[in-house]
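One-based numbering along the sequence shown.
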Amino acid sequence: MDWVQWLLSFIGVLGLIFFLFYALKKLNKGISVKSGNRLRVLDRVSLGRDGMLLIVSVCGKLMLLGVTAHRVEKLCDLDISEEEYSASLQQQGIDFKSVLSSALNKKEQEKQGENADDDASEKSNKTE
């Protein structure tokens, strides 16, 4: 009889632990979803124990942020709108990594285009 009481107590304690874990998980999710009117975290990717990448919308402008335990740094501005980003995430098979790489590739292509324009203008100035 003593072991039955012990077993029931043990099951009760395990049930309480699982319930608290579940409640804290739901509570934490609710806290992280709430955000301000102008600032929203759209997506995040963990880069290990202390680092993560965040895509943040600030007044409709998207930014890529690097976050560590000691520092938050803006890595770049993304040239897509929040609606385009949300639409690409909703498509089948599209994930954070592919949307980020396409946005960064677009930005890199624009920089290369600007560099090519600068080179062409420098060459035309030299020939004059």
Heavy-atom nearest pair, Ser46 first then Gly48, reads OG-O, 3.0 Å
Looking at Val58 and Met63, what are the two nearest heavy atoms and their distance?
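Scanning both residues completely, I find the closest heavy atoms to be CG2-CE, 3.6 Å.
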Tell me every residue that passes side-chain hydrogen bond (donor to acceptor under 3.5 Å, both in side chains) with [X], counting only those two or more places apart in sequence or in another chain.
X	result
Arg71	Glu73
Lys61	none
Asp79	none

Report yes or no: do [X] and [Y] belong to one cluster of Ile/Leu/Val/Met/Phe/Trp/Tyr joined by side chain heavy-atom distances under 4.5 Å?
X	Y	value
Leu16	Tyr22	no
Phe10	Ile17	no
Leu14	Leu20	no

State the [atom1]-[atom2] distance between [X] and [Y], to the nearest 0.5 angstrom.
X	Y	atom1	atom2	value
Leu42	Ser57	CG	OG	5.5 Å
Ile80	Ile55	CD1	CD1	6.5 Å
Leu54	Leu75	CG	CG	9.5 Å

With a 4.5 Å heavy-atom cut-off, do Leu53 and Leu64 have their side chains touching?
yes
